[in-house]
S.K.: 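Sharing a structure here in structure tokens format.
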There are 2 protein chains.
Amino acid sequence: MKEGPDISQIGALIGDPARANMLTALMGGQALTATELAGAAGITLQTASSHLSKLETGGLVAQRKQGRHRYFALADDEVGQLLENIMGFAANRGLMRTRPGPKDPALRKARVCYNHLAGDFGVRMLDRLVADGDVTLDGDEAGLTQNGEARIAALGIDVPALKTQRRPVCRTCLDWSERRSHLAGSLGEALLARFIADGWARREKDSRAIRFTPEGEKRFTALFP
Amino acid sequence: MKEGPDISQIGALIGDPARANMLTALMGGQALTATELAGAAGITLQTASSHLSKLETGGLVAQRKQGRHRYFALADDEVGQLLENIMGFAANRGLMRTRPGPKDPALRKARVCYNHLAGDFGVRMLDRLVADGDVTLDGDEAGLTQNGEARIAALGIDVPALKTQRRPVCRTCLDWSERRSHLAGSLGEALLARFIADGWARREKDSRAIRFTPEGEKRFTALFP
DNA sequence: TTCATACTTCGATGGTAACCGAAGCATTTG
DNA sequence: CAAATGCTTCGGTTACCATCGAAGTATGAA
């Protein structure tokens, strides 16, 4: 009956500039309200609401009611990975959103990819983990070795807790600026959260950029030279 | 000036059902004429021509004039990889093109992914090569070891010739039906070409399916158990 | 040269979807 | 309760684009 997957529905969802802008905004990893997303896309609240219901029906975003707010976020890690993938393709072809602000270098250095660290810093971190035998690669899947578990636990991350989740602990995600993989999965998320909680870095407002403090960058580089 | 890549243009190109059908047809790896693509998409020649010029402007397809025919093909390997990626995502969500013909099981067993082998057979081949230490994985990049070069050369493939090309020899590509990686790059292409040239398998007409002969399947399984 | 094939361009049409104003619903605050 | 906030739904407009018929261009065959 069926001959292959249908890519046109997904393409159509992503193909509208307003929706694409909202999805890009959600790649920041934070759940945003409809009003915030309308602002990010430069449209009114009514139009945004219509777009969001389409994105939700299409399974790209999920909403969570909280009081009188409705927070929207990417539906799951897989959506983030798909978007990062398409961004990589678009970046290679020179298709860039022209927006005010000289944020490009900062984005390439370190940024959030849905919920984990991307950019030069993200790639270097995975490279180091693999080189030290803490993480093993097998295609797009990855595994944490005994060594790796100890190293991660030493950073104050509860590794057994990560394993209880349904989604994979380790995963690779293709980086659009570096054209190499960085670490995704629940471990990737936990590591970024750790860096921020420890004050090594903080999220830039209204951007995907991650800004490391001088002290944080020194510590990060010491850990992942 | 620029804040991140623009995914909407690509999405819009893929988002039209007629264009998506043409791109899916081109995933078969063969260059097709505008007339053939119009047939595959179920539209008239004029409409197809308009779509093709858009796809070409967008860098997704490239054309080659040959006599009074114009052959269209995917612009490069990267486009094939992107499409396979989106197909994987769509397949996970149950978005399938409903078309006549019970070809789905054959597609899952072995099919062509732009120019290399995909499906169960493709995944098994890469698994075996990695397990035997012939291919090393590093994110989405991959390398051929000394052992691997010898093994490939024994199949009658000119490995040094592959290396002279600009594109990578080894590359991984995410398989939508198996959700694991298979082998792409010039080596992936050469291997599939070898199997077909040796009569182990042949392309199914008007489909991405690859049909192995009983003898061919036996030999393939012996090589990659 | 004349005809045929392969494809592109032009022009007109129709359908769809993005968009926003206004009204409606839900939740919180005062 | 009433007022305010956050968001959705409805209705109508507009603009775009996919579509196809017809005409035009290019290559090859007769």
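Excluded from the calculations below are hydrogen atoms, water molecules and symmetry mates; all remaining heavy atoms, backbone and side chain alike, are included. Keep in mind the model is a prediction, meaning the values are calculated, not measured. Labels below follow one simple rule: chain letters A, B, ... track the order of the sequence lines, proteins then strands, and each chain is numbered from 1.
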S.K.: How would you label the contact of B:A18 with the nucleic acid (heavy atoms, under 4.0 Å): base, sugar-phosphate, or nothing?
M.R.: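 Sugar-phosphate: the residue B:A18, judged by heavy atoms under 4.0 Å, touches backbone atoms but no base.
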
S.K.: Under 30°, 30 to 60°, or over 60°: which ring-plane class applies to B:F224 and B:F195, parallel, tilted or perpendicular?
M.R.: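 Perpendicular: the ring planes of B:F224 and B:F195 meet at over 60°.
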
S.K.: Hey, which sits more toward the 5' end of DNA chain C by its nearest nucleotide, B:Q46 or A:R70?
M.R.: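 Residue closer to the 5' terminus by nearest nucleotide: B:Q46.
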
S.K.: Strictly below 4.0 Å, N to O, side chains only: are B:R171 and B:E78 in salt-bridge contact?
M.R.: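 Judged by the 4.0 Å cut-off on N to carboxylate O distance, B:R171 and B:E78 do not form a salt bridge.
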
S.K.: On DNA chain C, does the nearest nucleotide to A:S50 precede the nearest nucleotide to B:A48 from the 5' side, or the other way round? Give the residue.
M.R.: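 It is B:A48, whose closest nucleotide lies nearer the 5' terminus.
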
S.K.: Is A:E84 salt-bridged to A:R208, going by a charged N under 4.0 Å from an acidic O?
M.R.: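 Judged by the 4.0 Å cut-off on N to carboxylate O distance, A:E84 and A:R208 do form a salt bridge.
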
S.K.: Just the rounded figure in Å: distance from C1' of D:dG28 to NZ of B:K65.
M.R.: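 Atom NZ in B:K65 sits about 13 Å away from atom C1' in D:dG28.
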
S.K.: Below the 4.0 Å mark, does D:dT19 have OP1 or OP2 next to a side-chain nitrogen or oxygen of B:H51?
M.R.: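 The answer is yes; a side-chain N or O of B:H51 sits under 4.0 Å from OP1 or OP2.
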
S.K.: What is the distance, to the nearest angstrom, from the CG atom on A:L45 to the P atom on D:dG6?
M.R.: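 Value for this atom pair: 10 Å.
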
S.K.: Reading DNA chain C 5' to 3', which nucleotide is the first, and which the last, to come under 4.0 Å of any heavy atom in chain B?
M.R.: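 Using the under 4.0 Å cut-off, the span is C:dA4 to C:dT9.
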
S.K.: Which nucleotide, D:dC17, D:dT9, D:dT27, lies nearest any side-chain atom of B:K54?
M.R.: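 Ranking D:dC17, D:dT9, D:dT27 by closest atom to the B:K54 side chain puts D:dC17 first.
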
S.K.: Do you know the tightest heavy-atom contact between B:A18 and B:I43?
M.R.: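 Between these two residues, the closest heavy atoms are CB-CD1, 4.0 Å.
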
S.K.: Within the pair B:R19 and D:dA18, is there a side-chain N or O less than 4.0 Å away from OP1 or OP2?
M.R.: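 For D:dA18, OP1/OP2 do have a side-chain N/O of B:R19 under 4.0 Å.
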
S.K.: Tell me the interatomic distance from A:L55, atom CG, to D:dT8, atom P, rounded to whole angstroms.
M.R.: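 So the two atoms are 12 Å apart, to the nearest Å.
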
S.K.: Is the side chain of B:T213 donor-acceptor paired with the backbone N or O of B:W200 at a distance under 3.5 Å, no angle test?
M.R.: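 A pair under 3.5 Å: yes.
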
S.K.: Between D:dC16 atom P and B:Q9 atom CD, what is the distance in whole Å?
M.R.: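 Taking CD of B:Q9 and P of D:dC16, I get 16 Å after rounding.
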
S.K.: Counting the atoms with a prime plus P, OP1 and OP2 as sugar-phosphate, which does B:T33 contact under 4.0 Å by heavy atoms, base, sugar-phosphate, or nothing?
M.R.: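 If one applies the 4.0 Å heavy-atom cut-off, B:T33 turns out to touch the sugar-phosphate alone, with no base involved.
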
S.K.: Is A:T35 touching bases, backbone alone, or none of the nucleic acid, heavy atoms closer than 4.0 Å?
M.R.: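 Sugar-phosphate, backbone atoms only, no base.
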
S.K.: Nearest 0.5 Å, please: how far is CG in B:N115 from CD in B:E189?
M.R.: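 The CG atom of B:N115 is 4.0 Å from CD of B:E189, to the nearest 0.5 Å.
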
S.K.: For A:F72 and D:dC7, what is the distance between atoms CZ and C1' respectively, to the nearest whole Å?
M.R.: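 Answer to the nearest Å: 8 Å.
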
S.K.: Around atom CZ of B:R167, are there more than 12 heavy atoms of other residues, nucleotides or ligands at under 6.0 Å?
M.R.: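 Enclosed: over 12 neighbouring heavy atoms sit under 6.0 Å from CZ of B:R167.
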
